[in-house]
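In what follows, a single structure is set out as structure tokens and then discussed.
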Amino acid sequence: MNITSSCNLPFPIKIFLNSRSNFLKKMARLRIKDILTTTPENQQITVKGWVRTFRNNSFIALNDGSTNNNLQVVIDFNNVPEETLKRITTGAAVQATGILIPSLGKGQSVEVKAESIEIIGDSDAEKYPLQPKKHSLEFLREIAHLRFRTNTFGAVFRVRNSLAFAVHKFFNEKGFLYIHTPIITSNDAEGAGEMFHVTNFDIANPPKDENGNVDYKQDFFGKATNLTVSGQLEGELAAMAFSDIYTFGPTFRAENSNTARHLAEFWMIEPEMAFCDLQDNMNMAEEMLQYVIRYALENNKEDIEFLSQRLEEEEKQKPQNERSEMTLLQKLQFCLDNKFERVTYTQAIEILRESNHNKKKKFQYLVNEWGVDLQSEHERYLVEKHFKKPVILIDYPKEIKAFYMRQNEDGKTVAAMDILFPGIGEIVGGSQREERLEKLETRMKEIGIPAEELDWYLDTRRFGSNPHAGFGLGFERLVLFVTGMTNIRDVIPFPRTPKNCEF
RNA sequence: UCCUCCUUAGCUCAGCCGGUUAGAGCACAUGACUGUUAAUCAUGGGGUCCCUGGUUCGAGCCCAGGAGGGGGAGCCA
């Protein structure tokens, strides 16, 4: 492909974008991932990357982020100026040109015998916080701008990238339309969580109305606005035209949640499907989860193997009874090989009530009657002890679920579904939506949601309403599961949590 | 927000019953060695013991308040 510049430049510019290899030729740089799988035939190559370790005044372990594996660059220190040798430090950016040969040492198949070495960017060894040793995840979280350069976070964020790409690939192949729902919203009637306010006011001195209340009519949008907690309602509008849509964007919750599973800013995937019931919804969610996990396993094998081994090492520190029965790799494979278990809320309550765990009063909250919300200890028991696989729980009591969920014929439950994963808990929350206008209006009235504010939403039930369904998938929780990490702050580049908004 | 544990060198951690000059490994600096794999060996520099106040002849250690972090819970994805 040739692109001729259409800008008003004094001379024509031609940019050639034939392929990735041309792009790299222009950069005169090969990616380490590609070099490591190249047959060494004494070809001359140039590599650029960051020094991980420098051993014996001769061996540079070079990494450019394309893979967790380092390329060994061998220099002859007798032919390199003392001044340059001293500048080959952990973290420094260097360029090496030399010939690719089969490695003379063990531990790697190829290496570069350097003919020239150049320091592109120095790294003061005394000040650079990363050392060639194990660091705690907590410490690395404080230097999140540098943790990308570690093995663990390198693997985590390459897997995250693959999962994000696989999500788009999956929906694209299914014929779904990717739609961008707004980040700033004015509706506060969803009740999905505490919201962050968006305002242009001088917060020390906002304008007041005649009653002494803050006068949002004078604010930027002429009304009170917030950051979105869900794109679902807008997603439903789009699904009522395009049939199958999905969103994948940032979501904000101002809840004071201090757990390893919550973020104030996270990414959520929300498909919405017209002419679709709860069964179709469950099938779609299961197929999608298996698709993206398979994609990551196939495309990030080395990264996931590394993370799996890392986890095994970590587990060795734990007492025997706390160790997991499967490795990360086995767990992921298990998810692909087995159907998710589907049970109703009512069945789940029965299982829990009859469990020895409940009878021996090992639950902090004992399960006695139908209608109570399940505690995370109950969910964990179902997933990790009883079924030992992902579980889809459906048909919850309407009292503990959102107003827009479709009311079942029994008058007590709604067509909700939660997908629970081992170690993570709820990874998907979804439902078939209430498409019958009168039922929806009655329910909104019952729980005190003003219909005027959601009139635009109710229009979908007035004009061509139909059974439809969708769900929300917490992207970071998916990344947690696939990487085997345990704290959600370690699977998003720059985590935002209560009292923490660095970088 | 609640319960619980933690905070000592750049990192990971030890520090006895409250006692005199606060230690180790790694990292870093200098030197030696030179096919190493978190190289090795020798020598050296490096401390607001989280902060504030209190008890005491004396506090890294005891008490109170605060900040930050981990684990668990609630809310949820």
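Naming: A, B, ... by sequence-line order, numbering from 1 per chain. Hydrogens, waters and symmetry mates play no part in the numbers below; they use all other heavy atoms, side chains included.
Figure legend. B:G47 is base-paired to no nucleotide; pairs are counted as Watson-Crick or G-U wobble with both atom distances under 3.5 Å. Under the Watson-Crick or G-U wobble criterion, with both distances below 3.5 Å, B:C2 is paired with B:G72. Base pairing annotation: B:U37 forms no Watson-Crick or G-U wobble pair, as no partner gives both donor-acceptor distances under 3.5 Å. Under the Watson-Crick or G-U wobble criterion, with both distances below 3.5 Å, B:C57 is paired with B:G19. With a cut-off of 3.5 Å on both Watson-Crick or G-U wobble distances, the partner of B:G25 is given as B:C11.
OP1 or OP2 of B:A73 lies within a sub-4.0 Å distance of a side-chain N or O belonging to A:Ser376. A sub-4.0 Å separation between OP1 or OP2 of B:G68 and a side-chain N or O of A:Arg141 is absent. Contact between the side-chain N/O atoms of A:Gln375 and the OP1/OP2 oxygens of B:G74 is found at a separation under 4.0 Å. For B:G74, the OP1/OP2 oxygens have no side-chain nitrogen or oxygen of A:Asn258 closer than 4.0 Å. Contact check, A:Lys86 against B:U30: a side-chain N or O comes under 4.0 Å of OP1 or OP2.
Here the side chain of A:His135 is nearest to one of B:A73, B:C11, B:A77, namely B:C11. Checking B:G71, B:U37, B:C26 against the side-chain heavy atoms of A:Gln131 singles out B:C26 as nearest. Among the nucleotides B:G70, B:C76, B:U36, the one closest to the side chain of A:His262 is B:C76. Out of B:G74, B:G35, B:C75, the shortest distance to the side chain of A:Asp373 is found at B:C75. Among the nucleotides B:C76, B:U34, B:U36, the one closest to any side-chain atom of A:Asn57 is B:U34. Each of B:G69, B:G72, B:G35 was ranked by its minimum atom distance to the side chain of A:Arg380; first place goes to B:G72. Distances were taken from every side-chain heavy atom of A:Met268 (C-beta onward) to each of B:A39, B:A27, B:A77; the shortest belongs to B:A77. With B:G68, B:G74, B:U34 as the choices, the nucleotide that has an atom nearest any side-chain atom of A:Ser257 turns out to be B:G74.
For the P atoms, the distance linking B:C6 with B:C17 amounts to 16 Å, nearest Å. Rounded to whole Å, the P atom of B:C61 lies 8 Å from the corresponding atom of B:C50. The separation of B:U55 from B:G18, taken at their C1' atoms, amounts to 12 Å, rounded to a whole angstrom. Spacing between B:G31 and B:G60 at atom P, rounded to whole Å, works out to 38 Å. B:C26 and B:U40 have their C1' atoms separated by 14 Å, with the value rounded to a whole Å. Separation of the P atoms belonging to B:C41 and B:G25 is 11 Å when rounded to the nearest angstrom. Taking the P atom of each, B:A64 and B:C5 are spaced 13 Å apart, rounded to whole Å. Nucleotides B:U52 and B:U8 have their P atoms positioned 16 Å apart, rounded to a whole Å.
Across A:Leu163 and A:Val292, no two heavy atoms sit closer than the pair CD2-O, 3.5 Å. Here the closest heavy-atom approach between residue A:Glu399 and residue A:Arg443 is recorded as CA-NH2, 4.1 Å.
When atom types are taken as modelled, the side chain of A:Glu377 and the backbone of A:Tyr365 share a donor-acceptor pair closer than 3.5 angstrom. A donor-acceptor contact shorter than 3.5 Å links the side chain of A:Thr67 to the backbone of A:Asn69.
For A:Phe475 and B:A77, the ring-to-base geometry does not satisfy the stacking test (centroid distance below 5.5 Å, interplanar angle below 30°).
Between A:Glu379 and A:Thr497, it is A:Thr497 whose nearest contact on RNA chain B lies nearer the 5' terminus. Positionally, the nearest nucleotide of RNA chain B for A:Phe54 lies more toward the 5' end than for the other of A:Gly429 and A:Phe54.
Counting non-hydrogen atoms of other residues, nucleotides and ligands closer than 6.0 Å to OH of A:Tyr178 gives a total above 12. No more than 12 heavy-atom neighbours from other residues, nucleotides or ligands sit within 6.0 angstrom of NE2 on A:His197.
Within the 4.0 angstrom heavy-atom criterion, no nucleotide atom of any strand lies near A:Asn70. Among the heavy atoms of the strands, none lies under 4.0 Å from A:Lys127. Using a 4.0 Å heavy-atom criterion, one finds that A:Tyr128 contacts no nucleic acid atom at all. Within 4.0 Å of A:Thr53, counting heavy atoms only, lie sugar-phosphate atoms of the nucleic acid but no base atom. In this structure, A:Leu478 reaches neither bases nor backbone, as no heavy-atom distance under 4.0 Å exists between it and the strands shown.
Side-chain N/O atoms of A:Glu138 and base N/O atoms of B:U7 include no donor-acceptor pair closer than 3.5 Å. With hydrogens and angles ignored, no donor-acceptor pair under 3.5 angstrom links the side chain of A:Glu142 to the base of B:G68.
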Does the ring pair (Phe, Tyr, Trp, His ring centres under 6.0 Å) test come out yes or no for A:Phe340 and A:Phe421, once each step is laid out?
CA-CA 10 Å; A:Phe340 297 180; A:Phe421 264 35; 5.7 Å; yes

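Between the CD atom of A:Gln108 and the C1' atom of B:U36 there is a distance of 9 Å, given to the nearest Å.
Just one residue in the list A:Phe481, A:Tyr246, A:Phe248 forms a ring pair (Phe, Tyr, Trp, His ring centres under 6.0 Å) with A:Phe475, and that residue is A:Phe248.
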